[in-house]
Each structure stands twice: as structure tokens, then as C-alpha cells.
Amino acid sequence: MSPCRKARVIAIDGPAGSGKTTVGSELARRLGYLFFDTGVVYRALTLAVLRLGISLADVEAIARVASELNIRVEQPNQSDGRPYTVFLDGEDVTWQLRSQEVDRAVSPVSAIQAARAALLGVQRQVVAKGKVVVVGRDVTTVVAPEADVKVFLDASPEERARRRYAEAAARGEAVTYEDVLSNVLERDRIDSGRETAPLRRAPDAIYIDSTRLSVHEVVEQLMRVICCDGQSQG
Ligand code: DC
């Protein structure tokens, strides 16, 4: 049985398709905590870069924009299905961060080391307020290595591909399971070998293999570790 922990900050990372977003948002809802998906800061920067008409090859200009951005991530301010509200220079951009233009450009933008460094402070400020479930590729190792509970959520490549395939099929996309699986394997290879923010497992992170677990079962397991039975703590 895990010891009872008092957790102000819970950090979850793991490979694409491991369920960290679904689990993280459900856990935050149960605890009454902010759900902070760190991908939004890279998406907000990308939106700002696109609006300014800056070339994605102009690394210096992008890093400069990153250092000047004013990003706030808060609890949802509307009941339109949003898991949080993101403000960019005071403007609510929550849904704009999900546009296809941002989708296409966010990966190269998030690979710029100077931009990552500039956005670290923003992420740490959100985390420092506490009562937060923070999710993303480098949160247990870089953004919140001091988190009270650190989780590395995993699942087999086949299961992650099955989940991604089901999501794509639900959106009406014409893809095959085999295509999705080879994409997952390729991303794993790049993600663990790349220089910028490689996916690493913190040695003191709780490892959960969700291959045969439902979202509910993973959340229940984490609630037992956090041990506050759905009550948020001060
Ligand atoms: O999870 P997402 O699709 O919103 O992430 C957007 C991009 O940002 C994606 O290219 C992964 C990257 N990202 C990152 O490099 N580090 C994080 N902590 C979170 C996201």
C-alpha cells in the first residue's frame, strides 16, 4: 500500500497515446485542481508567431516572441467543454490553439531550445500556485521535478496505436491501424532519441502501465496514492 501523500502538485508525463491528457484532466476534476496541459504554452507561442507573420525558420525572432509573451492558464471560465482557459496577452485564445494552422506549426516551434527556455518560467509560475495537475513531455524532469507526485504513464505501442486509431476513426479520418502503429513507433524512436526535450522517465516517478487499464482504473489508482479521497487540500 502506498504511503499517504499531501499533493499540491501532481506531474504526469509519458509517450503520446499513453492517456496522460485524459487521465490528467479527470484527476484534476476529481481533486478540484487546475488541469495544466503544458502543450498549450507551445501552442500559444505558435499562434502569436503565425499572427505576426514570422517565418518558422526564424529561430531568433521566435525566441524573442517567446520571451515577451504574456500567457495565463486558468480554470475554465465557460461551460463549452473546455478543460481550462488560456489567455494570450489578455485575449481568450483557448479554442484558437486547436486550429489546424497551429497543429501544423507547433511541432517545429516546440523544438526550438531558446523558446523552450523562455517558456519555462511561464510554466513554473502556473505550477507554483499549486493545486495543479500538470501534464506534458518534460514535466516530471524539467518543468516540475519537485512535484509532490510524479507519474510516468505508459502503454504498449499497440495499445497506444489502437487508442489513436479509434480517435481518428471517430473524427472520420481515413487511416489504417497499421499506419497509426508505424507512426507511433516512429514517434517513440524520435522522442526518446532527440536532443530537445527527449522523453525521459524520472527515477522517482510512479510507473503505471495503462495497457490493460481503463481511464477510471488509472485515476482510482492515483487517487489512492494521493490519498485525499477527492477532497482538495490547502
Ligand atoms: O500535446 P500537444 O499536441 O498540445 O503539444 C503541442 C506540441 O508541444 C507538440 O509538438 C509537443 C510539444 N510539447 C513539448 O514539446 N513539451 C511539452 N511539455 C508539451 C508539449
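Note that the coordinates shown come from a computational prediction; the quantities given were computed from them, not determined experimentally. Indexing begins at 1, ligand by ligand and atom by atom, following the structure's order.
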When you measure from [atom] to every protein heavy atom, which one gives the shortest distance, and what is it?
{"atom": "atom 5 (O) of ligand 1", "answer": "Gly39 CA, 3.8 Å"}
{"atom": "atom 11 (C) of ligand 1", "answer": "Arg137 NH2, 3.7 Å"}
{"atom": "atom 7 (C) of ligand 1", "answer": "Val106 CG2, 3.6 Å"}
{"atom": "atom 12 (C) of ligand 1", "answer": "Ser110 OG, 3.6 Å"}

- Item | Polar atom proximity, Tyr42 to ligand 1 (N or O, under 3.5 Å) |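 In fact, backbone or side chain, Tyr42 has no N or O that close.
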
- Task: Compute the shortest N/O to N/O distance between Arg43 and ligand 1 and return yes if it is under 3.5 Å, no if not.
- Result: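 Yes - when backbone and side-chain N and O of Arg43 are compared with those of ligand 1, one distance drops under 3.5 Å.
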
- Partners of Glu26 by salt bridge (charged side-chain N to carboxylate O under 4.0 Å, His left out), sequence neighbours excluded?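 Arg29.
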
- Item | Partner set under side chain to side chain contact (heavy atoms under 4.5 Å, CB included) for Arg64, not counting sequence neighbours |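 Side chain to side chain contact (heavy atoms under 4.5 Å, CB included) check on Arg64 returns Ala61, Glu68.
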
- Query: What atoms in ligand 1 come closer than 4.0 Å to a heavy atom of Asp138?
  - Reply: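 Every atom of ligand 1 under 4.0 Å from some heavy atom of Asp138: 17 (C), 18 (N).
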
- Task: Take Arg116 and Asp138 through the test salt bridge (charged side-chain N to carboxylate O under 4.0 Å, His left out) and record every step on the way to the result.
- Result: CA-CA 11 Å; Arg116 299 191 73 84; Asp138 55 354; 3.0 Å; yes

- Message: If you take the nearest heavy atom of each of Arg116, Lys20, Gln123, which one is closest to atom 16 (N) of ligand 1?
- Response: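 It is Arg116 whose heavy atom sits nearest to atom 16 (N) of ligand 1.
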
- Message: Over 60° means perpendicular and under 30° means parallel, so tell me whether Tyr165 and Tyr177 are parallel, tilted or perpendicular.
- Response: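 Answer is perpendicular, since the angle exceeds 60°.
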
- Query: Counting N and O atoms only, with roles assigned by atom type, does the side chain of Ser18 sit under 3.5 Å from a partner on the main chain of Ala155, one being a donor and the other an acceptor?
  - Reply: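 Not confirmed, Ser18 side chain does not pair with Ala155 backbone.
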
- Item | Other residues, nucleotides, ligands: >12 heavy atoms within 6.0 Å of Gln78 CD |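 Yes - once you tally the heavy atoms of other residues, nucleotides and ligands closer than 6.0 Å, there are more than 12.
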
